[in-house]
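Worksheet: one structure, shown below.
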Amino acid sequence: MSHPDADVVTPAAGQPLVLRGGTVLTMDDAHTVLPRADVLVVDGRIAAIGPQLEVPEGTAEIDASGGIVMPGMIDTHRHMWQTAMRGYGADWTLTQYFVWYYLEHGRAFRPEDVHAGNLLSAWDALEAGVTTTVDWSHGLQSVDHAEAAADALIAVPGRFVLAYGNIQAGPWEWTADPAVQSFLRRRQDEGRLGVQLAFDVTGDPAFPEKAAFEVARELGLPVTTHAGVWGATNDEGIRLMHEHGFMAPETVYVHAATLSTDSYHRIAATGGSISVSTESEQSAGQGYPPTWQVRRHGIPVSLSMDTSVWWSSDLFSAMRATLGADRSREHLEAHAEGSTVTQVHLRAEQVVDWATGGGARALGRDDIGSLEPGKRADVVLVKNDHSPVSFPLLNPYGHVAFQAGRGDVHTVLVDGRVVKSAHRLVGADLAAVRRTVDATVEHLRSTMGEETWAQGMNPELPGQDVLDNPYTYTEYKSATTHGARGSVFDTEDVAG
Ligand SMILES: [Zn+2]
C-alpha cells in the first residue's frame, strides 16, 4: 500500500517491489553497471534486474530514475555502544580515548547505556544506507550488558553482527565464563543477528589470548581483532596468532596500520582481511591508513567507521577519506623522489566495492554485498531530486564516492523490507530513542560530575603507562608497539 506521505513506499508483507529506471551498480564480479534498469524484489530476494522488467500484478513501485541503485553498505567495525557519546571526543587522540573508556569511565556504562548507544547507532546506520554493521561491542562487562546490546540490535530492522568483547577483563577470563559461552551459543543464529568474538592480542610472549581463540574455535565463531595499532598491538601479536594456528580466512584485522611486511605476509597467506577505518586512523593515531601498502600483498579490504564518539558513521565518508588518504600517500611518496603521479592507483570503483562486497567477503556472506538475482535484497537508492548535487550523473562510482552523502539516501531495503523511504526512516521512534540516549548521557554526566565531564572532552593523561599498555587486565607492555616503523617510513624494520 502507499503511504499517506507523498513518495513514501512501504509495501505490505509479501508484496513485490520494483525500483524503476535507476543506474544500477550491481557490484557483481564483473562490476556490471546498468543504466536505466529495474530491480525487482520478491520475498526478500532480488528476483530480476534489467530494463523495463515485467513485474507481478500488484508490485509496489519506486521511481529510481536519475538515481543510483546499489547494494546496501557493510561496516565491519563499529563500537555501537559509544554512539550515546556522539561527538564528545572530537579532539581526542587514541591515548585519550584509552584513558576515558578503558581506564576511567567505560565501567560506568550500565546495560541500559549499551542498549541506548546500540539503538541509536543501529538506526543511524540504516539511515545512511549501511544495511549490515559489525557491532564491535567491547563494553560487555556482564552478560546483562550483552543481552541489552543484542536486544537493541534485534529491535532494529538491519543486519548486525554482535562481536562480543569486554575491555574490562582479559579475553582468556571472560571467554571462559560459562554464562558468556551460553549466551554466545544461544544468540549465534538468531535471524539477522550474527555473532563473533572481539578481542586484542597484546603480544605478551605467554600468549594468554590462546584460551580465547580456543573458545572461538570450539563455538565456531570468527575473531575480529584490533591489529597493528601504534602503542597497543603489534607484529608480535600477529606472529603469536600465526604460530599457534589462529589466523583464519574469517579473521578480521582492524586498522592493521602499524605492521611490518612480515605481518602482512602472514595475513595474506592465511586469507584474512583488513578493516580500514580511515577517518579513525587519520586522527586517532593507529598508523597511516594502510590501503596503499596492503594492496602490494593482495589482502582483501573492507571499510568501517570505528566510533561516533569522534567520527561520522556513514560509509560515504569512509570511501571519501580512504581515497584521500591513499592518494595523498601516493603523491607524497612520489614527490619525495622528485617524480609525479600521473595515474592514481586507487579508483572510486574500488572503494565502492570495499564498502559493499568487501564487507560481505570479510563476513563470509555470499548472499549479500551485490545486486544479483537470488541474493538477499539489501538495496540502497541514492537519489535526491531536491539537491543540485544529484546531476549530472556522469560517473556513478565517482558520484557515490565523492558527491553523494547520507542525506541523498532515498530508499533503503534490508532483506526486501523498506526501512527508509523518501529520505525518512520507516518505523523508527526517534523520540523514544532520544529519551533513552538522554537518560544515558544524564547518568554518565551525573556520575562523573560536571568538572570531570567537561575535562573528558580534553582529558589529561594519568601518566605515561598507557602509552605502552592501555589494557588494564594485563601487566604486559612492550616497546615493540612503537617499533614497526619499516613499512610506515620505508626504512628497515625496527624491532624493540
Ligand atoms: Zn575499534
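Note that ligands are numbered from 1 as they come in the structure, with each ligand's atoms numbered from 1 the same way. What you see is a predicted model, and the numbers here were worked out from it, not measured in a lab.
- With the Zn ion (ligand 1) at the apex, H79 NE2 and H226 NE2 define an angle of roughly 110° (rounded to 10 degrees).
- Figure legend: R329 and Y288 shown as a cation-pi pair, the cationic atom lying under 6.0 angstrom from the six-membered ring centre and within 45 degrees of its axis.
- For the Zn ion (ligand 1), the N/O/S atoms of H255 include none lying under 2.8 Å.
- Taking the six-membered ring for Trp, H79 and H226 have ring centres closer than 6.0 Å.
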Acceptor/donor pairs from residues 427-442 side chains to any protein atom, 3.5 angstrom cut, sequence neighbours excluded:
unit_1 : atom_1 : unit_2 : atom_2 : d
D429   : OD1    : A431   : N      : 3.4
D429   : OD1    : A432   : N      : 3.1
T440   : OG1    : D113   : OD1    : 2.6

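- Listed by first and then second residue, the salt bridge (charged side-chain N to carboxylate O under 4.0 Å, His left out) pairs involving residues 154-164 are R159-D378, R159-D415 (not counting sequence neighbours).
- The Zn ion (ligand 1) is closest to atom NE2 of H77 (considering only N, O or S atoms).
- The Zn ion (ligand 1) is closest to atom OD1 of D306 (considering only N, O or S atoms).
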